[in-house]
Amino acid sequence: PERISYIELEQRVLRIARSFTAMGVGHSDVVSFQLPNWWEFIAVSLACARVGAVANPIMPIFRQRELKFMLAFGDSKLFIVPKLYKGFDYEAMAREMLPNLDHAPRLVVVDGAGPDSFERALLADTDTALPVRTLGANEVMLLMYTSGTTGEPKGVTHSSNTLFANLHGFINAYHLGNKDVILGASPMAHLTGFGYLAMIPLILNATTVLQDIWEPKQALELIRDEGISFSMASSPFVGDLCAATEAGGPVSPRFANFCCAGAPIPPILIEKARRLMGLAVSSAWGMTECGAVTITEPERCAEKSGSTDGRPLPGIEVKVVDVDGALLPQGQTGYLLVRGSSLFCGYLKRPHLNATDTDGWFETGDMAFIDADGYVRINGRSKDIIIRGGENIPVMEVENLLYKHPAVSMVAIVGYPDARLGERACAFVTVRPGHTFSLEEMSRYLSENQVTKQYHPERLELMDDLPKTPSGKLQKFKLRESAKVFGEKA
């Protein structure tokens, strides 16, 4: 593996920043990069800050359907992709897609050839002067797309203040310092990876070890060989590490803390990680819109992580209200609202979706209650969303596409519990007379329409009719109840 010192990273960042400037990329321009957990990801992010550009990391799972929207909606000026990753040719996809955009960004390819290669386009020596003005602390420096309930991805914007206020509180809660070695295995194009695995080591002048393809046995070897002390990811990562340890993988006494976000952690998994690896697994809850809002302190993880999602970090407030906005007493489930220093700047070009009231309270879309110690427990969702392995599935977008299939009369997609991923998706479908429909046909159709594989429902249930209210409104809660049995069977 390649090892880069902070001095070497700084030299590369300066070269990239000068190249950005020579290309005309500057203040508030959007630089989109669809990169795995490679050093180039961190260097590009820092170079954006040097020239005042907005960093726009994009998950490698996305394909043309999502990318066309993201690049056009954000007015991206530059698009950086790998030549190949996990056997997929990103350069070929980009070259086919970009000519169809009205204002196509310039393409740069990591490990590419010719003038568009990362080496020649961004790492070449240039004496171009860097701009004097970069970005103010309250100006947008990060754009991340999140899938929700509106059909199309929403562009979440953060400033340096909204992002780093949260990171400093998190560092203090975990007692992290420059002697820590952090495993960066969760995708850095998510806020978890970007903030807590890429930026925190830089703040601390600590070491980060990047793993670009998740392989739990290799992760255990990295943890042992590199002396890793901390990591953060969704609960499937912990389950995989436990399974790899039981299969004979190495155990490292230095690997002390793991922050788990994205889905509730089964108490049995917390106990198993402690018993097998001596690992303290603490729960957290957050969103792209506000970072890690609540965490269970490592000191109380054995007591609280299995039954709560933590309590607010400094600078953050939470409250639970009823449908009329009235504050609910401790222990009662209601709508979870968040206010504080890490709340995002707003949705790009869609302020009407911001869901923040005049007092600064943001409606999270989650249902929750607060216990006697002030710890929050997520207890359902007020919005129609499925979170599969930490990845939000855009339910409405997939449903709308399936409605266009000639065999589909009605469709409703709901989540069902899964021991490893938290949730999987099931499509309940009624079929038009004279047509047939199957799981294989659904997957083929979604792939043909360039829908990311992780968004495909894993189950299909054909029904004569879907449950509705007397006024004809679909009753998804009944379908969720029906779907629970799939998780129980698994």
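One-based numbering along the sequence shown.
For the pair His456 (side chain) and Val451 (backbone), a donor-acceptor distance under 3.5 Å is present. With hydrogens and angles disregarded, a donor-acceptor distance shorter than 3.5 Å links the side chain of Asn37 to the backbone of Met188. At distances below 3.5 Å, not a single donor-acceptor pair connects side-chain atoms of Asp324 with backbone N or O atoms of Ala326. Formation of a donor-acceptor pair under 3.5 Å by the Ser229 side chain with backbone atoms of Phe255 is not found in this model. When atom types are taken as modelled, the side chain of Tyr445 and the backbone of Leu401 share a donor-acceptor pair closer than 3.5 angstrom. In this structure a side-chain-to-backbone donor-acceptor pair under 3.5 Å is missing from Ser76 to Leu78. In this structure a side-chain-to-backbone donor-acceptor pair under 3.5 Å is missing from Thr157 to Val140. No donor-acceptor pair closer than 3.5 Å links the side chain of Arg350 to the backbone N or O of Lys154. Thr356 places a side-chain N or O within donor-acceptor distance of the main-chain N or O of Asn354, the cut-off being under 3.5 Å. Using modelled atom types, no side-chain atom of Asp359 and backbone atom of Trp361 make a donor-acceptor pair closer than 3.5 Å.
Annotation: side chain of Ser186 is in contact with side chain of Leu197 (closest heavy-atom distance under 4.5 Å). No side-chain heavy atom of Ile228 sits under 4.5 Å from any side-chain heavy atom of Arg254. Considering only heavy atoms from C-beta on, Ile316 comes within 4.5 Å of Ser342 through its side chain. Looking only at side-chain heavy atoms (C-beta outward), Met463 and Val429 stay at 4.5 Å or farther from each other. Counting heavy atoms from C-beta outward, Val156 and Met287 have side chains that stay 4.5 Å or more apart. You'll find the side chain of Lys272 reaches within 4.5 Å of the side chain of Cys242, heavy atoms only. Looking at Leu337 and Val318, their side chains never come closer than 4.5 Å, going by heavy atoms from C-beta outward. Taking 4.5 Å as the limit, some side-chain heavy atom of Pro457 sits within range of a side-chain heavy atom of Met442.
Side-chain atoms of Glu297 and His175 form no donor-acceptor pair, as typed in the model, at a separation below 3.5 Å. Using a 3.5 Å distance cut-off with no hydrogens or angles, the side chains of Thr333 and Asn379 do pair a donor with an acceptor. For the 3.5 Å distance criterion, the side chains of Glu66 and Thr452 qualify, holding a donor opposite an acceptor. Counted by atom type alone, Glu458 and Tyr416 present zero donor-acceptor pairs between their side chains at under 3.5 Å.
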Does Thr162 form a side chain to side chain contact (heavy atoms under 4.5 Å, CB included) with Leu343? I'd like the steps, not just the answer. CA-CA 6 Å; Thr162 62; Leu343 196 60; over 6 Å; no

Step-by-step side chain to side chain donor-acceptor pair (under 3.5 Å) determination, Glu289 to His158: CA-CA 8 Å; Glu289 287 87 343; His158 276 283; over 6 Å; no

What do the steps show when you test Tyr85 against Gln34 for side chain to side chain donor-acceptor pair (under 3.5 Å), and what is the final call? CA-CA 10 Å; Tyr85 174 61; Gln34 194 179 22; over 6 Å; no

One pair to check against side chain to side chain contact (heavy atoms under 4.5 Å, CB included): Thr430 and Leu462. What are the steps and the verdict? CA-CA 6 Å; Thr430 62; Leu462 300 179; over 6 Å; no

Could you give me the CA-CA distance, side-chain angles and deciding distance for Leu71 and Phe79, then say whether side chain to side chain contact (heavy atoms under 4.5 Å, CB included) is met? CA-CA 8 Å; Leu71 296 175; Phe79 184 38; 3.8 Å; yes

Would you please test Val408 and Val431 for side chain to side chain contact (heavy atoms under 4.5 Å, CB included) and show each step? CA-CA 5 Å; Val408 173; Val431 178; over 6 Å; no

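Between Arg444 and Glu440 there is no salt bridge, since no side-chain nitrogen of the basic residue lies less than 4.0 Å from a carboxylate oxygen of the acidic one. Checked for salt-bridge contact, Glu317 and Lys319 miss the test: no charged N lies under 4.0 Å from a carboxylate O. Using a 4.0 Å cut-off between a side-chain N of Lys or Arg and a carboxylate O of Asp or Glu, Lys349 and Asp75 qualify as a salt bridge. The pair Glu423-Arg388 fails the salt-bridge criterion, with no side-chain N (NZ, NE, NH1 or NH2) lying under 4.0 Å from an Asp/Glu carboxylate O. Salt bridge annotation for Lys86-Asp212: absent, with no cationic side-chain nitrogen under 4.0 angstrom from a carboxylate oxygen. A salt bridge links Glu481 to Lys484: one of the charged nitrogens lies within less than 4.0 Å of a carboxylate oxygen.
Between Phe164 and His168, the ring-plane angle classifies as tilted under the 30° and 60° cut-offs.
The distance from atom CG of Asp322 to atom CG of Leu327, rounded to the nearest 0.5 Å, is 9.0 Å. Once rounded to the nearest 0.5 Å, the distance linking CD1 of Ile61 with CZ of Phe88 reads 12.5 Å. How far CE of Met141 is from SG of Cys48: 9.0 Å, rounded to the nearest 0.5 Å. Remark: Asn257 CG to Leu176 CG distance equals 7.5 Å, nearest 0.5 Å.
Within a 6.0 Å sphere centred on CD1 of Ile268, heavy atoms belonging to other residues, nucleotides or ligands number 12 at most. No more than 12 heavy atoms of other residues, nucleotides or ligands lie within 6.0 Å of NZ in Lys217, so this atom counts as exposed by the packing criterion.
Scanning all heavy atoms of the two residues, the minimum distance from Glu399 to Ala412 falls at OE2-CA, 3.4 Å. The minimum heavy-atom distance linking Leu220 with Ala244 is given by the pair CD1-CB, 3.6 Å. Closest non-hydrogen pair, Phe62 versus Glu391, comes out as CZ-OE2, 4.3 Å. Considering all non-hydrogen atoms of both residues, Met410 and Leu466 come closest at CB-CD1, 3.9 Å. Heavy-atom minimum distance, Ala368 versus Val376: CB-CG1, 4.0 Å. For Ala261 against Met232, the heavy-atom pair with the smallest separation is CB-CE, 4.3 Å.
Relative to the ring axis of Phe486, Arg424 does not place its NZ or CZ within 45° and under 6.0 Å from the centre.
Aromatic ring centroids of Phe258 and Phe230 lie 6.0 Å or more apart. Aromatic ring centres of Phe362 and Phe344: separated by under 6.0 Å. You'll find the ring centres of Tyr196 and Phe170 inside the 6.0 Å limit.
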Which donor-acceptor pairs under 3.5 Å do side chains of residues 274-284 form with protein atoms, sequence neighbours excluded?
unit_1 : atom_1 : unit_2 : atom_2 : d
Arg274 : NE     : Glu271 : OE1    : 3.1
Arg274 : NH2    : Glu271 : OE2    : 2.6
Ser282 : OG     : Tyr174 : OH     : 2.4
Ser283 : OG     : Thr296 : OG1    : 2.6
Ser283 : OG     : Thr308 : O      : 2.9

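Of the options Lys304, Gln330, Arg311, a side-chain hydrogen bond (donor to acceptor under 3.5 Å, both in side chains) to Asp371 is made by Lys304 and by none of the others. With respect to Phe33, the ring pair (Phe, Tyr, Trp, His ring centres under 6.0 Å) criterion is satisfied by exactly one of Phe41, Trp38, Phe194: Phe41.
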